[in-house]
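To keep things clear, I will list the structure first and then write my remarks on it.
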Amino acid sequence: MTEDNYSLTTEFILIGFTDHPEMRSLLFVVFLTIYVITMVGNLGLVALIFMERRLHTPMYIFLGNLALMDSCCSCAITPKMLENSFSKDRMISLYECMAQFYFLCLAETADCFLLAAMAYDRYVAICSPLQYHTMMSKKLCIQMTTGAYIAGNLHSVIQIGFLFRLTFCGSNQINHFFCDVLPLYRLSCVDPYMNELMIFIFAGSIQLFTVGSVLISYFYILFTIFKMKSKEGRSKALSTCASHFLAVSIFYGSLIFVYIRPHSVKEEDKDIPGAVFYTIVIPLLNPLIYSLRNKEVINALKKIIRNIL
């Protein structure tokens, strides 16, 4: 193909969820409500953990950073999606695409490592409670949190670097509500095999390491819980871990379904359901799952409200 009969695409159209105007209005209200609740819940949790000194422990430091990354994920995706609900062209530039995917990849990768760190924290707290402050020191907590951010940035830079090797010269319609890599691969004029291989290797390695860490931690946690003689102690330990394991299962399940499943690049119709979970549902549910079931967070919130009033 010569330069005379094609031009490179530098803008894309995000088709989104539907073309029906009445449905787009309804979806705008739904997603705006979800976005507001998500931001208030996550940033409120970050502020609460920062303000309350009793929550300056490894578990809550990890939780605060998880909430911060969930806010980052929502900010990367939802505002553009809301704008496109009433936009006639629904256009997004190539560089906006890259920026959107960069922050999404950063947030999701950091979340993987933070969830693994939280699982390790629960393992130490339940399986070695007398050595908790030695094994789970503040220094180690800071190192694990910093490592999550470094891994997130490195993974994002690598994936964006490989995206820049692609060129787009055909259709510019992305059948998605944000700029994800898999829809971009389908629009590429260059064979995206190398990109597919890299995302499988890096995303697969991250999933394997972090999921493995979570599963090993919970294997020992459950083994320790079932050895407990006290029913009350067993119930308390299970309650402590249940919310975290629920959030982990939904988060990792949706990521694996979208990016690691065989033929993920070809199966266009399965992108959106999985993406809705890890970009919209998980950031909404996390502060509710971790806060409403946590007495320390509720008590800290009551204390701050009393002081304000």
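The figures that follow rest on heavy atoms only: side chains count, while hydrogens, waters and symmetry mates do not.
For the pair Phe162 and Met194, the minimum side-chain heavy-atom distance is below 4.5 Å. Contact check for Met59 versus Arg122: side-chain heavy atoms found under the 4.5 Å cut-off. At a threshold of 4.5 Å between non-hydrogen side-chain atoms, the residues Ile158 and Met198 do not count as touching. Counting heavy atoms from C-beta outward, Leu284 and Ile37 have side chains that approach closer than 4.5 Å. Proximity of Met39 to Cys75: side-chain heavy atoms (C-beta onward) are separated by under 4.5 Å at one or more points. With a 4.5 Å cut-off on side-chain heavy atoms, Leu140 and Tyr120 count as touching.
The structure places CG of Leu187 at 11.5 Å from OG1 of Thr167, a figure rounded to the nearest 0.5 Å. Taking CD1 of Ile34 as the start and OG1 of Thr78 as the end, the distance is 8.5 Å to the nearest 0.5 Å. One finds the CG atom of Leu163 at 6.0 Å from the CG atom of Asn195 (value rounded to the nearest 0.5 Å). Within the model, atoms OH of Tyr220 and CD1 of Ile225 stand 15.0 Å from one another, a figure rounded to the nearest 0.5 Å. Atom CD1 of Ile77 sits about 8.5 Å away from atom SG of Cys179, to the nearest 0.5 Å. Atom CD1 in Ile49 sits 6.0 Å away from atom CG in Leu55 (nearest 0.5 Å).
In this structure a side-chain-to-backbone donor-acceptor pair under 3.5 Å is missing from Asp121 to Met136. Under the 3.5 Å distance criterion, the side-chain polar atoms of Ser85 are matched with a main-chain donor or acceptor of Met81. Judged by distance alone, the side chain of Ser217 and the main-chain N or O of Ser213 form a donor-acceptor pair under 3.5 Å. In terms of modelled atom types and a separation under 3.5 Å, the side chain of Arg90 and the main chain of Ile15 share a donor-acceptor contact.
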Problem set entry | Leu14/Phe177 under side-chain contact (heavy atoms from CB on, under 4.5 Å): CA gap, chis, key distance, verdict | CA-CA 6 Å; Leu14 290 171; Phe177 59 93; over 6 Å; no
Exercise. Going through the distances and angles, do Tyr35 and Ile280 end up as a side-chain contact (heavy atoms from CB on, under 4.5 Å)?
Worked result: CA-CA 8 Å; Tyr35 180 61; Ile280 296 172; over 6 Å; no
For this session: Might you work through the side-chain contact (heavy atoms from CB on, under 4.5 Å) test for Gln159 and Ile199, ending with a clear yes or no?
Result: CA-CA 7 Å; Gln159 295 299 342; Ile199 201 169; 4.0 Å; yes
For this session: Go through Val276 and Val281 one step at a time and tell me if the side-chain contact (heavy atoms from CB on, under 4.5 Å) criterion holds.
Result: CA-CA 6 Å; Val276 166; Val281 176; 4.0 Å; yes
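The ring-ring contact (aromatic ring centres under 6.0 Å, His included) pairs that include a residue from residues 46-65 number zero, where partners must be two or more places apart or lie in different chains.
In terms of heavy atoms, Ser128 sits closest to Met135 at CB-SD, 3.9 Å. Leu45 approaches Ala67 most closely through the heavy-atom pair CD2-CB, 4.1 Å. Between Ala119 and Tyr218 the shortest heavy-atom distance is CB-CE1, 3.9 Å.
Hydrophobic clustering (ILVMFWY, side-chain heavy atoms < 4.5 Å, transitive): Leu215 and Phe226 are in one cluster. Phe223 and Val214 are assigned to two separate hydrophobic clusters, defined by single-linkage of ILVMFWY side chains at heavy-atom distances under 4.5 Å. Hydrophobic clustering places Val248 together with Phe219 (ILVMFWY residues linked when any side-chain heavy atoms are closer than 4.5 Å, directly or through intermediates). Following chains of ILVMFWY side-chain contacts shorter than 4.5 Å, one cannot reach Ile13 starting from Tyr185, and the two form parts of different hydrophobic clusters. Hydrophobic clustering, with ILVMFWY side chains joined whenever heavy atoms are under 4.5 angstrom apart, keeps Val181 apart from Leu154.
More than 12 heavy-atom neighbours from other residues, nucleotides or ligands sit within 6.0 angstrom of CE on Met91. For OH of Tyr149, the number of neighbouring non-hydrogen atoms (other residues, nucleotides, ligands) closer than 6.0 Å is greater than 12. Within 6.0 Å of atom OH in Tyr132, more than 12 heavy atoms from other residues, nucleotides or ligands are found, so the atom counts as buried in its surroundings.
Note on ring orientation: taking the six-membered ring where Trp is involved, the planes of Phe12 and Phe168 are perpendicular (angle over 60°, cut-offs 30° and 60°).
For Phe31, the ring pair (Phe, Tyr, Trp, His ring centres under 6.0 Å) partners are Phe17, not counting sequence neighbours.
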Atom pairs and distances, side-chain donor-acceptor, residues 104-118, under 3.5 Å, sequence neighbours left out:
from	atom 1	to	atom 2	distance (Å)
Thr109	OG1	Cys105	O	2.7
Thr109	OG1	His155	ND1	2.9

